[in-house]
Amino acid sequence: MQKIIFITGGAGFIGSHVVRLFVNKYSDYQIVNIDKLTYAGNLENLKDIENKENYIFEKVDITDEKAIFDLFAKYKPAGIIHLAAESHVDRSITNPSEFILTNIVGTTNLLNAAKKTWNNDFLNKIFYHISTDEVYGSLNDEGFFTETTPYSPRSPYSASKASSDMLVRAYFHTYGLPILISNCSNNYGPNQFPEKLIPLIINNIKNMKPIPVYGTGCNVRDWLFVIDHANAIDLIFHKGIIGETYNIGGNNEWKNIDIVKTVCRIMDTRLNRESGTSENLINFVKDRAGHDLRYAIDSSKLQNNLGWTPSLSFEEGIKLTIDWYLNNLEWLNNVVSGNYQKYYQDMYEK
Ligand code: NAD
Ligand code: DAU
């Protein structure tokens, strides 16, 4: 019999790569993708696997408690990989409530539904919650986040993710729910919504629009190729120790301004533009409120205990990413139409 696995948020950026990996790799799993299809969810991301026999899509909002309980009763999943979330920090600053609802209430609905469905029969069951390094707060120039770094979230987004992590852990300690958590650094790669730094600047350079760099551009992020994150999720889901947390990171720290200049240089070559054309578009703008200075992840637990390593260098990954966007301009143009135009105007053109 096929094992039923729920993947929430499977139409989004990371979720779509996880769904593809699991559908293609595990024919003995029935993958049920649960997604509300917000502005960030796009079934185009899954065109290549949508007709596979071991794939089902359910358009459901995780904040709808009854709908979630009904889904669990219908499928009785053995595993849940929970990625559905409001994920953009800037949006959390303008509209925190949406983040509280989806990220905290939505996660609690899933926990309650899993607890009820499994009814203390936890053998071979897993509730795997996907989280972020932002829960640990902000670093200065030195040090790395480890799994034991105290939580210190500083944006409504990271506070909502930290709350959901705490709830997941509380269900492990209180009810014995078999949980796993991973906290990952910044992902980049194909299918990322162009509100996030890398696809936003690719899109702007393509269209010769200003490149908004917050503050001085000296904030530091650790970048990981999205397929390496999906591979880590696969490994943790199958080999992780129940109740444990794993940090995932690329060991690949960049100042924002250096990322921007790197993308500018590659784009000039790809678009046959005179060297320096794209850099001239750089525009330093007002800083993000409460902008975290630096994130850096120590992923040695995952590397040493489960044998994970990133497969791509940043050089390779960023070229692959830029080429994907340039070869998928229709995807890009479709997702930046409609509501996103209004968001962009409010955010950058007021
Ligand atoms: P995304 O915004 O691209 O996708 C989120 C998906 O969740 C979308 O398909 C959306 O439709 C769906 N969704 C949102 N609200 C929903 C709701 N109420 N009910 C059902 N579905 C809903 O996000 P992403 O960047 O792919 O991130 C996925 C997960 O990974 C999130 O939990 C995020 O916190 C975490 N994460 C992201 C990164 C990153 O760099 N992007 C890094 C670490 C962790
Ligand atoms: O660290 C993991 C997190 O990474 C995830 O949990 C989040 O879901 C994901 O959105 C991402 O958060 P960031 O805020 O780090 O990503 P973003 O792409 O929004 O910004 C990256 C950096 O670039 C950050 O320092 C802010 C800056 N930035 C961003 C935008 C959108 C700019 O300078 N200009 C911009 O226009």
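Basis for what follows: all heavy atoms, side chains included, without hydrogens, waters or symmetry-related copies. One-based numbering, in listed order, for ligands and for the atoms of each. Numbers here simply count residues along the sequence, with the first being 1.
Looking at heavy atoms from C-beta onward, L281 lies out of side-chain contact with N204 at the 4.5 angstrom threshold. A heavy-atom distance below 4.5 Å is found between the side chains of E86 and N103.
Within the 4.0 Å heavy-atom criterion, the part of T102 lying near ligand 1 is the side chain and not the backbone. Neither the backbone nor the side chain of F99 comes within 4.0 Å of ligand 1, counting heavy atoms alone. When heavy-atom distances to ligand 1 are checked against a 4.0 Å cut-off, K161 comes that close only through its side chain, counted from C-beta outward. At a 4.0 Å heavy-atom cut-off, ligand 2 does not touch A85 at all. Residue contacts with ligand 1, taken as heavy atom pairs separated by less than 4.0 Å, involve L37 solely via the backbone atoms N, CA, C and O. The backbone and the side chain of K196 each have at least one atom closer than 4.0 Å to an atom of ligand 2 (non-hydrogen atoms only). With a heavy-atom cut-off of 4.0 Å, V60 touches ligand 1 through its backbone alone.
Protein heavy atom nearest atom 37 (C) of ligand 1, with residue, atom name and distance: I14 CD1, 3.4 Å. Among all non-hydrogen protein atoms, the one lying nearest atom 5 (C) of ligand 1 is A85 O, 3.4 Å. Distance from atom 40 (O) of ligand 1 to its nearest protein heavy atom, with residue and atom name: N187 N, 2.9 Å. The closest protein non-hydrogen atom to atom 34 (N) of ligand 2 is P212 O, 2.9 Å. Counting only heavy atoms of the protein, atom 19 (O) of ligand 2 lies nearest to R288 NH2, 3.0 Å. Of the protein's heavy atoms, F13 N, 3.1 Å lies nearest to atom 3 (O) of ligand 1. Protein heavy atom nearest atom 12 (O) of ligand 2, with residue, atom name and distance: E134 OE2, 2.8 Å. Atom 23 (O) of ligand 2 has its closest protein heavy atom at N256 ND2, 3.4 Å. The single protein non-hydrogen atom nearest to atom 28 (C) of ligand 1 is L83 O, 3.5 Å, given as residue, atom name and distance. Among protein heavy atoms, atom 31 (C) of ligand 2 sits closest to E195 O, 3.3 Å. Ranking the protein heavy atoms by distance from atom 16 (O) of ligand 2 puts N186 ND2, 3.4 Å first. If you check which protein heavy atom lies closest to atom 36 (O) of ligand 2, you get Y348 OH, 2.7 Å. Regarding atom 18 (O) of ligand 2, its nearest protein heavy-atom neighbour is L197 N, 2.8 Å. Considering only non-hydrogen protein atoms, atom 42 (C) of ligand 1 sits nearest to S185 O, 3.3 Å.
The distance criterion of under 3.5 Å between nitrogen or oxygen atoms is met by T38 with respect to ligand 1. By the 3.5 Å distance cut-off applied to N or O atoms, D35 is counted among the residues near ligand 1. At under 3.5 Å, not a single nitrogen or oxygen of W223, backbone or side chain, sits near a nitrogen or oxygen of ligand 2. Considering backbone and side-chain N/O of I34, none are found under 3.5 Å from N/O of ligand 1. For A84, no nitrogen or oxygen atom sits less than 3.5 Å from a nitrogen or oxygen atom of ligand 1, counting backbone and side chain alike.
Between the side chains of W223 and N187, no donor N or O sits under 3.5 Å from an acceptor N or O. Between the side chains of R91 and Y39, at least one donor-acceptor pair of N or O atoms lies under 3.5 Å. Y26 and D234 share a side-chain donor-acceptor pair at under 3.5 Å. Using a 3.5 Å distance cut-off with no hydrogens or angles, the side chains of S155 and R288 do not pair a donor with an acceptor. Y55 and N24 form no side-chain donor-acceptor contact under 3.5 Å, judged by distance and modelled atom types alone. Inspection of the T108 and Y171 side chains reveals no N or O donor paired with an N or O acceptor under 3.5 Å. For the residue pair N45 / N191, a side-chain donor-acceptor distance below 3.5 Å is found, with atom types taken as modelled. The closest side-chain donor-acceptor pair between S278 and D268 falls under 3.5 angstrom. The closest side-chain donor-acceptor pair between N183 and T132, if any, does not fall under 3.5 angstrom.
Identified under the salt bridge (charged side-chain N to carboxylate O under 4.0 Å, His left out) test for residues 290-319, with sequence neighbours left out: R154-D292, E244-K301, E253-R294.
Of all the atoms in ligand 2, the ones that sit under 4.0 Å from a non-hydrogen atom of D133 are 1 (O), 2 (C). Which parts of ligand 1 touch I130 is read off a 4.0 Å heavy-atom cut-off, strictly below it: atoms 30 (O), 32 (O). Listed by atom number, the atoms of ligand 2 under 4.0 Å from T132 heavy atoms are 1 (O), 2 (C), 3 (C), 5 (C), 6 (O). Atoms of ligand 2 found under 4.0 Å from any heavy atom of S87 (numbered from 1 in listed order, with element): 7 (C), 8 (O), 9 (C), 10 (O). Here is the list of ligand 1 atoms found below 4.0 Å of a heavy atom in N186: 40 (O). Per-residue contacts place Y157 under 4.0 angstrom from the following atoms of ligand 1 (heavy atoms of the residue considered): 33 (C), 34 (O). For ligand 1, the atoms closer than 4.0 angstrom to any heavy atom of C184 are 42 (C), 43 (C). Set against the non-hydrogen atoms of S87, the atoms of ligand 1 under 4.0 Å away are 1 (P), 2 (O), 23 (O), 25 (O). The distance from ligand 1 to the heavy atoms of K36 drops below 4.0 Å at these ligand atoms: 16 (C), 17 (C), 18 (N), 19 (N), 20 (C), 21 (N), 22 (C). Taking a cut-off of under 4.0 Å to the non-hydrogen atoms of D61, the atoms of ligand 1 that pass are 17 (C), 18 (N), 19 (N).
For R270 and Y325, the positive end is not near the middle of the six-membered ring at less than 6.0 Å and at most 45° from its axis.
The side chain to side chain donor-acceptor pair (under 3.5 Å) test applied to N252 returns W254, not counting sequence neighbours.
Salt-bridge formation is detected for the pair R20/D48: a Lys NZ or Arg NE/NH1/NH2 atom is positioned less than 4.0 Å from an Asp or Glu carboxylate oxygen. Remark: D165 does not engage K161 in a salt bridge, criterion side-chain N to carboxylate O under 4.0 Å.
Distances from atom 4 (O) of ligand 1 to the heavy atoms of S131, G9, G12 put G12 nearest. Nearest residue to atom 35 (C) of ligand 2 from Y214, Y157, Y136 is Y214 (criterion: closest heavy atom).
Looking only at distances, no side-chain donor or acceptor of D222 sits under 3.5 Å from a matching main-chain atom of G249. Listed for the H291 side chain is no donor-acceptor partner under 3.5 Å among the backbone atoms of D287. Remark: the backbone N or O of G12 is paired with a side-chain donor or acceptor of S16 at under 3.5 angstrom. The backbone N or O of W324 sits less than 3.5 Å from a side-chain atom of N328, completing a donor-acceptor pair.
Not a single heavy atom of S16 sits less than 4.0 Å from an atom of ligand 1. Using a non-hydrogen distance threshold of 4.0 Å, Y39 does not register as a contact of ligand 1. Assignment of H291 to the shell around ligand 2 is supported, since a heavy atom sits closer than 4.0 Å.
Between H129 and H82, the two ring planes are tilted [angle within 30° to 60°].
Two rings, from Y136 and Y295, have their centers 6.0 Å or more apart.
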